[in-house]
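These notes concern the structure reproduced below.
Order of the sequence lines fixes the chain letters, A, B, ..., with proteins taken first and strands second; residue numbering starts at 1 for each chain. Only this structure's heavy atoms are used, side chains among them; waters, hydrogens and symmetry mates stay out.
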Number of protein chains: 2
Amino acid sequence: MISISRETDYACRVILHLGMLPVGQRVTAQEIARQRIVPRALIRRVVTRLGAAKLVTTTRGSGGGLALARPASEISLRDVVEAMEGAIALNTCVIYPRECPLVKACPVHEAWTNARVALVRELSQATFDKLAARGQMLGA
Amino acid sequence: MISISRETDYACRVILHLGMLPVGQRVTAQEIARQRIVPRALIRRVVTRLGAAKLVTTTRGSGGGLALARPASEISLRDVVEAMEGAIALNTCVIYPRECPLVKACPVHEAWTNARVALVRELSQATFDKLAARGQMLGA
DNA sequence: TACAATGAGACTAGAATAGTATCATTTGGA
DNA sequence: TCCAAATGATACTATTCTAGTCTCATTGTA
């Protein structure tokens, strides 16, 4: 099955949760883990990656926690997926064409590229301000 | 990195190769492996799966080999990917919504579904008659 | 009957996935 | 000053997936 990893799914829950808070409000990773059903030990790794990708800012110590590093309208599903999984390639040859011995005369390469463009476009449109608004409606 | 497996890439090479042959002509898996740079032992598994998915027909014995089970215009990248990888899900919750404890109120679920639709649409449009024609042009 | 081809599946090495656990570091407040 | 709360970094395990090799059975043609 072609799918993102579970960690990426958890990362989406973290960003969504933060996007639904009043702007600038911090919350601890443990609190998100509890409310969004993410394993407590795992969420640490997720938060670290999101921080490294500069999608969230973190503060340590008592009273610390995390918040979005920029407005939810400027963070999309694409950003989260790329932060967690690396490139959205579909096929390795799209990202590393040199490694494919056939790529010069390969008509399929072009098809993968087209499909990748369509997928990335869709994921880019899914910004977390929209997702958060929809979440409020659904009562999540 | 989000990507298909190498076996799926090999499967595309097999279908492309068959699509570029005169209609109805058979060729052995070994011959495809040689021309398309696929490991000889691996292509067996690929052909078996493509046969199980009814994308190719096989005949055993001397003079045997494989051919497309239907016109190349009726086989798309989507068919090959689904035959090899199973569902194109993007996220497990798209295929198995019951396994996600949050899905009832999850705004992200919808976004994954939209992205999946866009991706599948694109892969469905890439039929192997077009790919084969382009392959002839490129001299593959 | 001999040979050529696919069918089925066991086997290996290595990498990725999912989850747990530990210790260090930073910060705020009693 | 010291404790508790929080993240940072990373090691560890078990399981599954990936990529590839190999062997033997089965089928069909000459």
Nearest whole angstrom, please: distance from the [atom2] of [N] to the [atom1] of [X].
X	N	atom1	atom2	answer
B:Ile2	D:dT18	CD1	P	14 Å
B:Arg6	D:dC17	CZ	C1'	14 Å
A:Ile37	C:dA18	CD1	P	17 Å
A:Leu42	C:dG19	CG	C1'	5 Å
A:Leu66	D:dA5	CG	C1'	14 Å
B:Arg49	C:dG9	CZ	C1'	14 Å
A:Ile43	D:dA6	CD1	P	13 Å
A:Asn91	D:dT18	CG	P	14 Å

> Just how far is it from atom CE of A:Met84 to atom OH of A:Tyr10, taken to the nearest 0.5 Å?
Replying inline: 11.0 Å
> Got a second to check how far A:Leu55's CG is from A:Leu66's CG, nearest 0.5 Å?
Replying inline: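 Interatomic distance, A:Leu55 CG to A:Leu66 CG, rounded to 0.5 Å: 11.5 Å.
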> Is a donor-acceptor pair below 3.5 Å formed from side chain B:Arg45 to base D:dG20, judging by atom type as modelled?
Replying inline: yes
> Between the side-chain atoms of A:Arg60 and the base atoms of C:dT25, is any donor-acceptor pair under 3.5 Å?
Replying inline: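 Donor-acceptor pair under 3.5 Å: yes.
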> On DNA chain C, nearest-nucleotide positions of A:Thr59 versus B:Gln30: which is more 5'?
Replying inline: B:Gln30
> On DNA chain C, nearest-nucleotide positions of B:Gly64 versus B:Ala41: which is more 5'?
Replying inline: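 Upstream on the strand: B:Gly64.
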Under 4.0 Å between a side-chain N or O of [X] and OP1 or OP2 of [N]?
X	N	answer
B:Thr58	C:dG7	yes
B:Tyr10	D:dG20	yes
B:Arg44	C:dG9	no

Less than 4.5 Å apart, any side-chain heavy atom of [X] and any of [Y]?
X	Y	value
B:Arg13	B:Ile32	no
A:Leu16	A:Arg36	yes
B:Leu77	B:Cys12	yes

> Looking at D:dT29, D:dT21, D:dA19, which one has an atom nearest to any side-chain atom of B:Ser62?
Replying inline: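 Output: D:dT29.
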>> Among C:dA8, D:dG8, D:dA6, which nucleotide has an atom closest to any side-chain atom of A:Thr48?
In response: D:dG8
> Using a cut-off of 4.0 Å on non-hydrogen atoms, how would the nucleic acid contact of B:Arg40 be classed: base, sugar-phosphate, or nothing?
Replying inline: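 Nothing, no heavy atom under 4.0 Å.
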